[in-house]
Amino acid sequence: MWEFRSMNFWRAVFAEFFGTMFFVFFGMGAALRWTTGPHHVLHVALCFGLAAATLIQSIGHISGGHINPAVTFAYLVGSQMSLFRAIFYIAAQCLGAVAGAAVLYGVTPGNMRGNMAMNMLQPGISLGMATTVEVFLTMQLVICIFAVTDERRNGRLGSAALSIGFSVTIGHLMGVKTHETLSTTGGLISDSTVYWVGPMIGGAMGALLYDFMLFPRMRGLSERLATLKGSRPPENETQQDTRGEPIELKTQAL
């Protein structure tokens with residue numbers, strides 16, 4: 001398989017590890033209670049959003065800047081990347097998240113760690129309720145990502161990275177207000193399914209909604225299967241001059 005032999009592919013995989021590590025480090029760090037007094041939800045949500053925007057701008061031209069397994073899964077469902085690449089991206093993201101949490105744990109004083117900002121459902125919120133919210137939040141994120149990075153748009157207004165960052169901010173504000181404690185990553189085993197099943201379903205729904213209803217991509221089944229199998233190397237695998245248009249989250253161009 002051409003991707004396995006490509007240095008650009010392995011750079012992209014490392015970029016996803018690197019980006020997710022810093023995203024979790026900054027996000028979890030903002031969610032911890034470093035001082036006494038009220039904990040402002042807006043501050044945490046803005047940190048997540050600005051961290052996402054910064055990292056997408058930093059590694060978007062290398063890997064696409066997914067930094068989220070649900071986003072990678074959405075691109076896979078939309079037949080915009082190979083299954084091989086998606087598996088390695090998701091593995092790198094999970095390892096990066098663990099690394100970021102481990103580094104934060106190591107630099108946080110013991111009396112401030114608490115539960116390390118684990119996600120836990122608010123009292124009275126069922127698994128079904130929380131999963132539904134996660135589905136909708138991830139679906140809006142994926143639709144935003146697909147829309148602002150769509151090469152078929154007639155011109156691009158503003159920054160794709162900032163648009164995605166604001167979408168992340170809105171999602172965290174809504175999530176904390178409706179069904180979560182202040183948090184950043186998976187919590188108890190009974191609750192953690194919410195933060196895997198919900199985003200994956202929402203990501204798939206967002207990809208299908210955008211690619212088949214809102215702005216359909218006119219591609220045949222054979223073309224989609226070729227992309228999923230990774231049987232078609234990109235037209236130019238070498239590093240390109242990206243000083244023109246931004247290419248955040250464009251994995252197939254690598």
side-chain contact (heavy atoms from CB on, under 4.5 Å) evaluation trace for H172 with C47: CA-CA 10 Å; H172 278 84; C47 183; over 6 Å; no

About how many Å separate OG1 of T138 and CD1 of I201, when rounded to the nearest 0.5 Å? 10.0 Å

Linking I/L/V/M/F/W/Y whenever their side-chain heavy atoms sit closer than 4.5 Å, directly or via other members, would I170 and I56 fall into one cluster? no

Locate the shortest heavy-atom distance separating P69 from M200; write the atom from each residue and the value. CB-CE, 3.7 Å

Taking the side chain as every heavy atom from C-beta outward, state whether L221 and L225 have any pair of such atoms under 4.5 Å apart. yes

CG (D150) and CG (L214) are apart, to the nearest 0.5 Å, by 11.0 Å

Determine whether a donor-acceptor pair (N or O, by modelled atom type, separation under 3.5 Å) exists between the side chain of W10 and the backbone of R5. no

Scanning both residues in full, the closest heavy-atom pair of P216 with R152 reads O-NH1, 2.8 Å

Is it the case that one hydrophobic cluster holds both L209 and F136, taking links as side-chain heavy atoms less than 4.5 Å apart, direct or via other members? yes

Compare all side-chain heavy atoms of R85 with those of Y89 and state whether any distance is below 4.5 angstrom. yes

For F23, what residues pass the ring-ring contact (aromatic ring centres under 6.0 Å, His included) criterion, not counting sequence neighbours? F48

Tightest non-hydrogen contact, residues R219 and G78, listed as NH2-O, 3.0 Å

Residues passing the ring-ring contact (aromatic ring centres under 6.0 Å, His included) test with F18, sequence neighbours excluded, are F22

According to a 4.5 Å side-chain heavy-atom criterion applied to Ile, Leu, Val, Met, Phe, Trp and Tyr, with indirect links allowed, do F166 and V148 form part of one hydrophobic cluster? no

V135 side chain reached by M205 side chain, heavy atoms, under 4.5 Å: yes

Please list, chain by chain and in numerical order, all residues satisfying ring-ring contact (aromatic ring centres under 6.0 Å, His included) with W196, sequence neighbours excluded. none

Would Q80 and T227 satisfy side chain to side chain donor-acceptor pair (under 3.5 Å), going step by step from the backbone distance to the final call? CA-CA 7 Å; Q80 297 191 49; T227 301; over 6 Å; no

Q93 side chain vs E16 backbone, donor-acceptor pair below 3.5 Å: no

Around atom CZ of F215, are there more than 12 heavy atoms of other residues, nucleotides or ligands at under 6.0 Å? yes

Testing the basics here: between F88 and V13, what is the closest heavy-atom pair and its distance to 0.1 Å? CB-CG2, 3.9 Å

Measuring from atom CG of L76 to atom CD1 of I90, what distance do you get when rounded to the nearest 0.5 angstrom? 7.5 Å

Hey, could you give me the CZ/CD1 distance between R11 and I59, rounded to the nearest 0.5 Å? 14.5 Å

Given the rule in the side-chain contact (heavy atoms from CB on, under 4.5 Å) test, do Y210 and V142 qualify, once you have shown the distances and angles that lead to the verdict? CA-CA 9 Å; Y210 187 84; V142 166; over 6 Å; no

Residues that S167 engages under side-chain hydrogen bond (donor to acceptor under 3.5 Å, both in side chains), provided they are two or more places apart: Q140

Looking at every non-hydrogen atom in both residues, tell me the closest pair between P199 and E134 and how far apart they are. CG-OE1, 3.7 Å

side-chain contact (heavy atoms from CB on, under 4.5 Å) against L95, all qualifying residues, sequence neighbours excluded: F17

Could you check L141 against N68 for side-chain contact (heavy atoms from CB on, under 4.5 Å), going step by step and ending with a plain yes or no? CA-CA 11 Å; L141 172 64; N68 186 333; 4.3 Å; yes

For T149 and A160, which heavy atoms make the closest approach, and how far apart are they? CG2-CB, 4.4 Å

Nearest 0.5 Å, please: how far is CG in N8 from CD1 in I62? 10.0 Å

Pair R217 + E151: basic N to acidic O under 4.0 Å: yes

Could you work out, with side-chain contact (heavy atoms from CB on, under 4.5 Å) as the rule, every residue matching V77, not counting sequence neighbours? F73, A204, A207, L208

M129 CE to T132 OG1 distance, which is reported to the nearest 0.5 Å: 9.0 Å

So if you build clusters from Ile, Leu, Val, Met, Phe, Trp, Tyr with side-chain heavy-atom gaps below 4.5 Å, do L50 and L104 land together? no

Quick check on the hydrophobic clustering: are V98 and I67 connected, directly or via other members, by side-chain heavy-atom contacts under 4.5 Å? no

